[in-house]
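Any value given below was found using the heavy atoms of this structure, including those in side chains, with hydrogens, waters and symmetry copies removed.
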Amino acid sequence: MINNKIITFATVLLAGSFFLTGNGHAEEAYDVQAYGPKTTIIFNTPVTASFDHKVHTADIGLDCSSCHDSEMVAEKRGFAMQRGVAEATGQFTMAAMAEGQFCGVCHDGDMAFGVDENCAACHQLPDDPIIWTAPVKAVIFSHDQHVNDIGLDCESCHSDVFAMKVGAAPATGNYTMRALNDGQYCGACHDGETAFASNTQCNTCHIGVKGYNRAMGTTPDTGGH
Amino acid sequence: MEMKINELEKLENEGVEQLPSEERRKFLKFGMVVTGVFLGGTVLSLTSTRTAGAMSGPVPEAGKFPYSPHYTMVIRGNRCVGCELCKEACVTTNNVPSYGYRTTILEKKRKIANEAVETAFMPVLCNQCNRPPCVRVCPTTATYKDKTTGIVRMHYKRCIGCKTCMAACPYNARYFKEENRAVDKCNFCWDTRLSKGETTTACAEACPGDVRIFGDLTDPKSDAYKLLYARDKVAWVLRPETGAMPNIYYMND
């Protein structure tokens with residue numbers, strides 16, 4: 001999945017950050033005019049993704065104008081020097097990027113790694129398990145297990161099976177065992193063939209109120225005796 | 001009182017070994033296999049025909065019920081996901097304080113193959129026993145067996161709070177309610193629902209997994225009857241060795 005470009009790139013990055021932590025002056029010397037805003041820009045709509053100026057300017061050596069160009073902004077091939085503009089277009093999607101817009105201008109699998117791969121470079125894989133409390137308390141899902149242990153690609157779930165947003169599935173009002181047993185959501189794989197069936201071993205997915213309280217570190221209020 | 005329970009246990013628990021093999025087979029056919037180590041490690045076993053008196057094992061013979069309606073709850077344990085909606089419904093319906101419970105969910109973890117751990121949830125409540133040890137030990141008849149329905153109920157005003165019933169209950173299904181200075185317990189929602197014409201308990205109604213099936217065994221059309229007397233179904237009760245003859249049955253699916 002991860003191509004050589006990325007591995008090389010990661011090495012460069014690592015060396016860079018080592019340099020920065022090892023040299024306080026380099027840190028102070030960060031020039032916002034030359035490199036753009038220092039803090040990582042986090043997009044939250046429709047999902048969470050991040051963009052780091054420093055990587056693109058200081059490390060890779062791109063000019064401000066390669067992204068901040070009014071003509072390109074108008075064509076949705078560039079970015080305004082203002083946070084939130086791209087998101088506000090309502091068209092800041094993977095589909096648009098795959099067609100060469102926004103980040104896709106360079107992230108085309110040629111100039112830079114493509115948007116159809118290495119999802120986790122821009123979308124952080126959640127470390128902690130996701131726990132749903134609706135319709136029932138509580139069901140647990142581990143990205144770590146599914147991605148790192150079982151070896152599934154992000155695309156096997158995102159976004160045909162699950163939106164890349166916690167809470168999207170319960171918000172449909174249809175996040176039920178019936179839907180799972182019909183092959184939706186977890187049931188896309190937990191069908192007895194790809195993975196254990198959704199109508200078996202209930203408490204592998206369900207942890208109950210007791211498991212939820214333990215996960216949250218709250219004392220179970222079972223009461224009595 | 002502790003003595004009485006011990007005596008009871010000695011008297012009633014003869015175990016399956018004494019049964020002639022033919023009898024044993026009959027038992028298994030009726031689906032009276034008893035397993036599990038819930039409730040403080042009590043190992044469950046079969047009750048024999050002889051010691052259970054009129055009843056042939058934990059599940060009464062179809063058609064032979066001492067009460068009418070003969071209320072029961074069949075619990076399909078493997079479907080329980082521990083969401084505790086039942087408990088919430090019970091608390092609201094029966095005004096149960098946070099320090100007590102009329103019904104609760106036990107959790108059990110056990111090692112299974114490949115070093116995996118399996119979690120099981122088990123709903124428990126008053127077993128509305130046919131021979132309730134709590135009723136036997138109550139000095140004021142504050143707790144009694146309803147002659148019609150068989151529900152073990154409370155005369156709260158008669159309760160002196162001695163808690164002997166709490167110690168006698170094999171199911172830990174009673175608690176002392178500070179608010180009315182009396183012991184409180186599950187009564188299948190008799191006062192709050194059944195006596196008002198509802199046909200099921202709050203917990204059974206709230207269960208999203210159809211784990212708790214409440215019903216009247218004298219009605220062959222009830223789901224409880226159909227489950228309990230289905231062909232090839234295995235049902236068991238908790239702590240049959242106490243001879244209390246409980247009316248809460250457990251099965252898988």
Side-chain angles (χ1 to χ4, degrees), chain A residues 129-142 144-146 149-150 167 169-170 172-182 184-187 190 192 195-225, chain B residues 39-40 76-91 96-110 112-114 116-125 163 166-167 169 171-178 183-186 206-211 252-253:
Chain A
I130 292 171
I131 300 181
W132 294 277
T133 57
V136 295
K137 244 186 197 167
V139 173
I140 195 162
F141 171 79
S142 163
D144 184 45
Q145 265 174 357
H146 283 83
D149 299 347
I150 299 164
T172 63
N174 183 37
Y175 201 27
T176 61
M177 293 314 296
R178 182 183 297 243
L180 264 63
N181 293 330
D182 283 349
Q184 291 177 263
Y185 306 112
C186 320
H190 288 277
F196 66 88
S198 295
N199 60 1
T200 60
Q201 52 185 87
C202 321
N203 297 321
T204 320
C205 300
H206 288 268
I207 57 170
V209 172
K210 286 185 171 63
Y212 175 77
N213 287 339
R214 270 197 301 274
M216 296 294 133
T218 51
T219 21
D221 73 337
T222 35
H225 333 292
Chain B
L39 287 177
R76 299 194 280 181
N78 62 326
R79 291 168 156 252
C80 180
V81 294
C83 71
E84 299 191 6
L85 288 176
C86 52
K87 209 173 147 176
E88 280 175 35
C90 174
V91 164
V96 180
S98 63
Y99 56 82
Y101 63 80
R102 282 183 174 208
T103 184
T104 194
I105 308 290
L106 302 179
E107 185 190 39
K108 167 98 187 153
K109 296 205 181 279
R110 81 181 177 107
I112 54 171
N114 301 325
V117 176
E118 180 186 62
T119 303
F121 292 106
M122 187 169 89
V124 291
L125 67 162
K163 304 186 182 173
M166 282 167 54
C169 175
Y171 304 104
N172 200 15
R174 294 169 161 263
Y175 72 97
F176 184 72
K177 191 169 180 179
E178 302 289 346
V183 167
D184 189 39
K185 68 177 287 296
C186 162
C207 178
D210 289 335
V211 175
N252 284 338
D253 267 328

Side-chain donor-acceptor contacts of residues 201-209 of chain A below 3.5 Å, not counting sequence neighbours, with atom names and distances?
from: A/Gln201; atom 1: NE2; to: A/Thr204; atom 2: OG1; distance (Å): 3.1
from: A/Asn203; atom 1: ND2; to: B/Cys80; atom 2: O; distance (Å): 3.2
from: A/Asn203; atom 1: ND2; to: B/Thr119; atom 2: O; distance (Å): 3.3
from: A/Thr204; atom 1: OG1; to: A/Gln201; atom 2: O; distance (Å): 2.8

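- Listed by chain and number, the residues in a ring pair (Phe, Tyr, Trp, His ring centres under 6.0 Å) with A/Tyr212 amount to none (sequence neighbours excluded).
- The residues B/Glu107 and A/Arg214 are annotated as salt-bridged, a charged nitrogen and a carboxylate oxygen being separated by less than 4.0 angstrom.
- Of the possible donor and acceptor atoms, none in the side chain of A/Lys210 sits under 3.5 Å from a partner among the backbone N and O of B/Phe121.
- Interface residue B/Lys109: only side-chain heavy atoms are found under 4.5 Å from chain A.
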